Every structure is written in C-alpha cells, then in structure tokens.
Amino acid sequence: MTIKVGDRIPEATLMQLTDKGPAPVKTSEYFKGRKIVVFALPGAFTPTCSNQHLPGFIQSAETIKGKGVDEIACLSVNDAFVMGAWGKSQGADGKVTMLGDGNGDFTKALGLGFDGTGFGMGMRSARYSMLVDDGVVKSLNMEPAGGKAEISGAENMLKQL
C-alpha cells in the first residue's frame, strides 16, 4: 500500500553519516514535533539526482526553512557512507540532511519503491517529495516519469509551503 496525504510516517530506522560514523535515525523520533521536507530519489551520484533534484533543494534551503520548515532531508536506498560522500560533494552540509535507507525498509513501508534490476540498480526509491508535520504526511509529490525532478522538486515544494 502506498502512503498518502493524512497518513502517519511508518516506523523505520534510517542511517546518517556523522563525524563518529553511521548513526541510526528512528523515524518516530526524527519526525516527532517537527515540520520536515523529505525528498527521495533513485540513487546518489546519478544524473538527474545530482544535476537537478538535490541541487534544487540545496539552493532553496534557506527559503524553505524560512517558511517554517525545521529540516530538509534527502533520502535514497544507499548506505550512509555513500549519502554522506554525495552530500559533501554537492555542498549539502548544513542545508540538507542526507539519510540512507540502505536496505530499503523505509521505502518499502511507504510503498514508494521500484524495481531497478533491469538497470543493475536493485530495489530503489521512486522520486518524490513530501511535507511531513509531526509525523503526518501533509503533501506528497510523486514524479510520474523517470529522468525528471519537476513535481518533486524544490520549486514545487516552495509553492506548497
């Protein structure tokens, strides 16, 4: 079943690379009492993700946070080390929190995964963005086609805030 507006974020453990190594991020704690913009994508270092999706949120981070958003999180079915390296290479530090869903457990619980084995990528996350307020999905923007980050991009999210 796919998550929808009004649903509560499922319990899962994501991973974030810190100065001390990978650290668990429990979704129940992470989203509690906070307004968070989450955007997810098929893979770190992939063309659309690196050239459009992540850069748009990095460039708009100050404006998004100025509209009452506590944090912006980028999620992918990659490990914390890959997400950390990608975020560093893109200048995300202090603007976008990079979260790894290494086993895809959170993505599966949301019902927002896809099978990328035909491309040698295994199970991946669909491209989307959502606004989550105190653990409840307030908006969900699913990208209908691959290779684009328009509906799920920062510009569209700003319109919804």
Side-chain angles (χ1 to χ4, degrees), residues 9 12-27 29-31 34-108 110 112-114 116 119-133 137-161:
I9 291 293
T13 301
L14 303 168
M15 297 299 284
Q16 180 180 10
L17 187 63
T18 69
D19 293 340
K20 296 177 183 174
V25 176
K26 294 194 175 295
T27 56
E29 296 168 14
Y30 184 72
F31 290 101
R34 304 171 70 210
K35 188 180 284 188
I36 299 178
V37 166
V38 179
F39 67 101
L41 33 82
F45 294 103
T46 58
T48 302
C49 304
S50 293
N51 297 329
Q52 295 175 33
H53 214 181
L54 178 56
F57 280 96
I58 291 171
Q59 293 164 1
S60 300
E62 189 174 313
T63 307
I64 290 170
K65 290 178 181 177
K67 293 188 176 274
V69 170
D70 297 302
E71 193 162 346
I72 303 167
C74 176
L75 178 97
S76 185
V77 180
N78 289 110
D79 63 64
F81 294 105
V82 168
M83 293 302 286
W86 186 42
K88 189 172 290 289
S89 75
Q90 293 277 322
D93 291 345
K95 297 176 182 175
V96 174
T97 301
M98 307 300 286
L99 298 174
D101 184 20
N103 295 327
D105 295 337
F106 183 63
T107 298
K108 287 176 201 164
L110 292 174
L112 296 176
F114 76 92
F119 305 105
M121 296 176 73
M123 200 289 281
R124 293 293 171 147
S125 175
R127 187 180 308 281
Y128 65 88
S129 64
M130 65 177 150
L131 176 63
V132 181
D133 192 353
V137 177
K138 296 298 183 181
S139 69
L140 177 61
N141 310 298
M142 294 290 303
E143 208 62 58
K148 293 184 180 182
E150 296 169 350
I151 293 169
S152 62
E155 189 174 309
N156 191 45
M157 181 56 71
L158 273 168
K159 291 175 187 174
Q160 297 175 1
L161 298 172

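Small disclaimer: the values here were computed from a predicted structure and weren't measured. Residue numbers start at 1 and run along the sequence shown. Side chains are part of it too, since the values below use all heavy atoms of this structure and drop only hydrogens, waters and symmetry mates.
In this structure a side-chain-to-backbone donor-acceptor pair under 3.5 Å is present from Asp101 to Thr107. Remark: side-chain polar atoms of Arg127 are not paired, donor with acceptor, to backbone N or O of Met142 under 3.5 angstrom. A distance-only check finds no donor-acceptor pair linking the side chain of Ser125 to the backbone of Ala40 [under 3.5 Å]. Looking at Ser60, its side chain never comes within 3.5 Å of a backbone N or O of Thr63 through a donor-acceptor pair. Checked by atom type and distance alone, the side chain of Asn78 pairs as donor or acceptor with a backbone atom of Ala44 at under 3.5 Å.
The NZ atom of Lys26 sits 3.5 Å away from atom OG1 of Thr13, with the distance rounded to the nearest 0.5 Å. The distance from the CZ atom of Arg124 to the OG1 atom of Thr46 is 8.0 Å, given to the nearest 0.5 Å. Taking CG of Asp79 as the start and CG of Asn103 as the end, the distance is 10.0 Å to the nearest 0.5 Å. Atom CD of Glu150 sits about 10.0 Å away from atom CG of Asn156, to the nearest 0.5 Å. Here OG of Ser129 is found 11.0 Å from CD1 of Ile72. Values are rounded to the nearest 0.5 Å. Separating the CG atom in Leu110 from the OH atom in Tyr128 is a distance of 4.5 Å, to the nearest 0.5 Å.
The shortest side-chain heavy-atom distance between Leu158 and Ile64 falls under the 4.5 Å cut-off. Between Met123 and Lys108 there is a side-chain heavy-atom pair separated by less than 4.5 Å. Looking at heavy atoms from C-beta onward, Leu161 lies in side-chain contact with Leu131 at the 4.5 angstrom threshold. Using a 4.5 Å heavy-atom cutoff, the side chains of Tyr30 and Val132 are not in contact.
What you find for Pro55 and Gln90 is that their closest heavy atoms are CG-OE1, 3.6 Å. Considering every non-hydrogen atom in both Ala92 and Met98, the closest pair reads CB-SD, 4.1 Å. Smallest separation of non-hydrogen atoms from Val77 and Gly102: CG1-O, 3.8 Å. Taking each heavy atom of Leu14 and Thr27 in turn, the nearest pair found is CD1-CG2, 4.1 Å. Smallest separation of non-hydrogen atoms from Pro22 and Phe81: CG-CZ, 3.4 Å. Residues Cys74 and Leu41 come closest through the heavy atom pair SG-CD2, 3.9 Å.
Counting heavy-atom neighbours within 6.0 Å of Gln160 CD, excluding the residue itself, gives a total above 12.
Residues in residues 80-89 take part in these side chain to side chain donor-acceptor pair (under 3.5 Å) pairs, two or more places apart or across chains: Ser50-Trp86. Sorted by first and then second residue, the pairs that involve residues 54-76 and meet salt bridge (Lys or Arg N to Asp or Glu O under 4.0 Å), not counting sequence neighbours, are Arg34-Glu71. Listed by first and then second residue, the ring-ring contact (aromatic ring centres under 6.0 Å, His included) pairs involving residues 55-80 are Phe39-Phe57, His53-Phe57 (not counting sequence neighbours).
Residues satisfying the ring pair (Phe, Tyr, Trp, His ring centres under 6.0 Å) criterion with Phe31, sequence neighbours excluded, are absent altogether. In this structure, Glu143 has no salt bridge (Lys or Arg N to Asp or Glu O under 4.0 Å) partners at least two apart in sequence or on a different chain. By the side-chain contact (heavy atoms from CB on, under 4.5 Å) test, Phe119 is found to be paired with Met121, residues two or more places apart in sequence or in another chain being considered.
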Checking side-chain contact (heavy atoms from CB on, under 4.5 Å) for the pair Val69/Ile36: CA distance, chi angles, key distance, verdict? CA-CA 6 Å; Val69 170; Ile36 299 178; 5.7 Å; no
Begin with the C-alpha distance, continue with both residues' side-chain angles, and end with the deciding distance and a verdict on side-chain hydrogen bond (donor to acceptor under 3.5 Å, both in side chains) for Asn141 and Ser152. CA-CA 5 Å; Asn141 310 298; Ser152 62; over 6 Å; no
